[in-house]
Amino acid sequence: MADPLESDDDFLPPAPRAGGIAARAYASLASNQGYLEGLNAEQIEAVESLDGPVLVLAGAGTGKTRVLTTRIAHILATGRARPGDILSVTFTNKAAREMRHRVSNMVGEAVEGMPWLGTFHSIGAKILRRHAELADLKSDFTILDTDDQIRLIKQILQAADIDEKRWPARLFAAIMDGWKNRGLSPEDVPGGDSAGFADGKAKQLYVAYQARLKTLNAADFGDLLLENLRIFRKEPDVLARYQQRFRYMLVDEYQDTNVAQYLWLRLLAQRPTVSVEHQRANICCVGDDDQSIYGWRGAEVDNILRFEKDFPGAKVIRLERNYRSTGHILAAASHLIAHNQGRLGKTLRTEDVPGEKVTVTGAWDSEEEARTIGAEIEDWRRQGHRLSEIAILVRASFQMREFEDRFITLGLPYRVVGGPRFYERAEIRDALAYFRSVCSVTDDLAFERIVNVPKRGLGDATVQLLHDYSRAHNTSLQESARALIATEELKPKPRATIRDLIVSFDRWRAQLDHISHTELAEVVLDESGYTAMWQNERSADAAGRLENLKELVRSMEGFENMRGFLEHIALVMDTEGANDADSVYLMTLHAAKGLEFDTVYLPGWEEGLFPHQRALDEQGRSGLEEERRLAHVGLTRARKNARLFFAINRRIHGMWNSTVPSRFLDELPEAHVDVTEAASGFAEPRSRFDRAEPFTGSRYDTPGWQRAQARANGSAGRFVKTPPTIEAVAVRRSTSGARLAVGERVFHQKFGYGQVREVDGDKLTVSFDKAGEKRVVASFVDRA
DNA sequence: TCAGAATGATTTTTT
DNA sequence: ATCATTCTGA
């Protein structure tokens with residue numbers, strides 16, 4: 001077999017060719033002179049510092065993407081490298097797409113030839129496919145997504161006779177993910193790390209899982225990088241080729257890299273050559289330590305903090321000029337983030353007008369919060385503002401619900417960003433499983449998924465039989481099925497059903513090369529009865545699911561054939577659905593990174609929710625700092641208006657709890673913040689929590705901060721049971737500790753009058769005259 | 001084998 | 001409260 005490196009077009013010798021891509025790019029740029037125009041001095045420096053390692057610390061809104069794309073254009077324009085010599089990695093497909101788009105705008109068609117611009121995973125997959133045999137895989141290995149992974153783990157756990165109740169597959173998936181994120185192959189896992197799961201069996205389970213992946217000819221997301229690392233270490237020749245190939249490396253969002261990604265980059269950036277000019281890699285990492293918000297999934301802020309040590313002689317360039325937000329917003333964000341220790345330190349500044357102050361508004365409860373924000377947005381709309389310039393950024397997705405409810409009643413169009421991904425939906429995954437089963441007889445996970453979808457009467461017993469046969473004969477499930485229908489092993493009914501199914505698959509497979517893949521997709525979905533299954537389902541979302549299936553088939557059009565479609569789908573299948581309608585954005589703070597809006601609403605700034613209790617409990621100070629960075633990200637999304645909210649009462653898991661305003665509110669600079677009232681005149685006397693609003697600047701002696709401290713030091717209980725606070729005392733009025741008894745008449749601020757039905761510690765079940773039966777906290781009702 | 005009942009968990013999310 | 005998953009009985 002030919003050496004995959006040599007046999008590939010991307011690895012042509014790097015000699016410049018007249019009329020080649022680089023030359024064309026250069027010509028296009030020369031005529032389109034001045035791609036540096038409009039950049040400030042630091043940005044230009046970042047673009048032009050091509051030799052040796054460079055770290056660009058790019059604060060929010062400082063033109064980070066612009067620098068990256070211009071830098072690529074500059075490398076091409078100066079003829080330093082051809083598009084195929086540049087490695088350019090991002091985290092998300094969206095970012096990669098954006099970058100590709102912007103570079104091609106700058107350079108013309110030339111970037112069509114940038115084969116190494118992509119996500120860590122897509123590039124890892126590309127490299128792994130070239131050297132699959134070095135990882136005991138075939139080059140057409142399947143990429144398992146989380147869903148497949150979990151199902152596979154369940155099988156492994158079952159085989160190892162491990163109680164899934166006590167040791168959930170999800171937990172093991174997370175543990176293994178953690179290892180892979182840290183670049184640990186089974187043999188590297190420290191013994192101690194194994195202890196936390198299934199009585200120390202974790203490590204051997206990891207071994208079993210990896211072995212199973214190999215037999216399935218599959219890799220999970222973590223493997224895409226981990227196997228790269230193994231190959232690079234095992235085969236210095238292979239590594240050396242890539243090191244030579246990637247003359248220039250660019251990394252986006254460097255603060256989000258995990259250990260595996262870091263090691264991957266470091267290996268590729270190593271320059272073992274003796275020649276001085278080649279000793280330092282031309283690697284340019286762009287990031288912002290203040291926007292590192294993915295520590296919980298393995299990102300190592302340390303990577304960026306350590307950059308200068310890792311790459312001696314690295315040039316560090318700070319982009320501090322913010323082009324997005326007005327003065328007050330920027331000041332508030334900067335002041336807030338300054339409370340973090342362990343940062344590289346940047347001072348964002350703007351030449352923009354001061355603009356509107358950041359506002360903080362207290363609401364009685366989360367419903368009032370939603371009502372107020374809804375009303376305000378209606379105002380914006382009435383004033384002629386576009387809804388798509390408004391975003392609501394929440395800490396946790398459960399907060400979205402109330403906003404959705406409110407928007408539906410108001411008739412305000414909104415769109416949720418993030419949420420369940422298109423390809424994660426059951427109907428899409430089912431359809432894909434069908435396609436995978438057609439294309440690959442050996443894709444057991446796919447076959448198993450749809451063998452009884454729609455219901456065919458093939459239950460666990462039958463599937464188990466197939467599995468047993470597969471194990472005994474070392475065959476795939478489909479092959480086993482084929483063998484078993486020739487025997488008497490199966491009862492007549494399932495036997496006939498399986499035979500029909502196998503016949504169908506044979507028929508579809510025969511059509512693979514004869515009809516278009518989109519046609520085949522429709523045929524498969526129809527003849528399998530899958531479409532009919534949803535048509536017969538009367539539930540509300542059935543129509544939407546059918547619509548999704550159509551969308552899926554439509555999205556296949558852009559691919560050569562079914563296999564080509566499937567190969568890409570695991571890595572790059574996100575829907576940027578055409579959303580033309582002018583609508584309010586609703587998303588989590590995490591999903592908002594990298595976006596910007598004129599007006600940003602930030603509800604739920606309460607202790608326990610934001611900062612989230614769990615981040616505090618599990619990560620301590622670093623957890624708090626990450627939450628603060630999240631707050632910083634939220635604020636810096638806003639161009640003109642940032643509106644913060646907190647609610648005194650919030651329902652958590654169906655129960656009303658009192659809350660304490662977030663310590664982050666106390667950390668805002670008073671001079672840049674206005675405290676306002678909830679605008680949705682729900683007649684609650686405002687005085688009650690006026691006093692609860694201690695905006696005395698960013699000192700650490702404010703009541704709110706002390707409360708927060710007291711809480712942090714005290715009980716580990718989450719949300720509930722705050723020590724008596726000023727506003728809570730004010731709110732409680734007359735109950736003053738007296739225990740309520742069943743049958744008493746009570747009054748609740750929110751639900752009105754009612755009768756106590758049950759007492760359970762500090763929780764009451766009250767039958768309210770108007771609102772019906774509710775569980776409430778005792779301190780929130782008064783004796784009527 | 002399947003539907004309905006009980007059980008349990010519930011931050012953030014990409015690939 | 002709500003949702004998803006697992007269990008149990010027909």
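In the text below, chain A, chain B and the rest are named by the order of the sequence lines, each starting its count at 1.
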A:D460 atom CG, neighbour heavy-atom count above 12 within 6.0 Å: no
If you assign A:S122 and A:A615 each to the DNA chain B nucleotide with the nearest heavy atom, which residue ends up on the more 5' nucleotide? A:A615
In residues 452-460 of chain A, which ones come under 4.0 Å of DNA chain B, going by heavy atoms? A:N452, A:K455, A:G457, A:L458, A:G459, A:D460
Please check if the side chain of A:R614 supplies one atom and the backbone of A:G608 the other of a donor-acceptor pair under 3.5 Å. no
What's A:A125 touching, base or sugar-phosphate or nothing? Going by heavy atoms closer than 4.0 Å. nothing
Hey, does the side chain of A:T462 come within less than 4.0 Å of B:dT1's phosphate (OP1/OP2), counting only N and O? yes
Look at the rings of A:W179 and A:Y206 and say which category their plane angle falls in: under 30° parallel, 30 to 60° tilted, over 60° perpendicular. parallel
Using 4.0 Å as the upper bound for N to carboxylate O, is an ion pair formed by A:K180 and A:D223? yes
Classify the nucleic acid contact of A:E618 as base, sugar-phosphate or nothing, counting any heavy atom under 4.0 Å across all strands shown. base
A:G623 backbone acceptor or donor facing A:E626 side chain under 3.5 Å: no
Donor-acceptor pair, distance only, cut-off 3.5 Å: does the side chain of A:R629 make one with the backbone of A:D290? no
Salt-bridge contact A:R449-A:D148 (side-chain N to carboxylate O under 4.0 Å): no
In residues 154-172 of chain A, which ones come under 4.0 Å of DNA chain C, going by heavy atoms? A:K154, A:K165
For B:dT13, does OP1 or OP2 lie under 4.0 Å from any side-chain N or O of A:T588? yes
Regarding A:R395, tell me which of base, sugar-phosphate or nothing describes its non-hydrogen contacts under 4.0 Å with the strands shown. base
Taking DNA chain B as the partner, which of residues 286-302 of chain A come within under 4.0 angstrom of it by heavy atom? A:Y294, A:W296, A:R297
Can you tell whether the side chains of A:R651 and A:E367 come within less than 4.0 Å, N to carboxylate O? yes
Any salt bridge between A:R230 and A:E227, counting N to O under 4.0 Å? yes
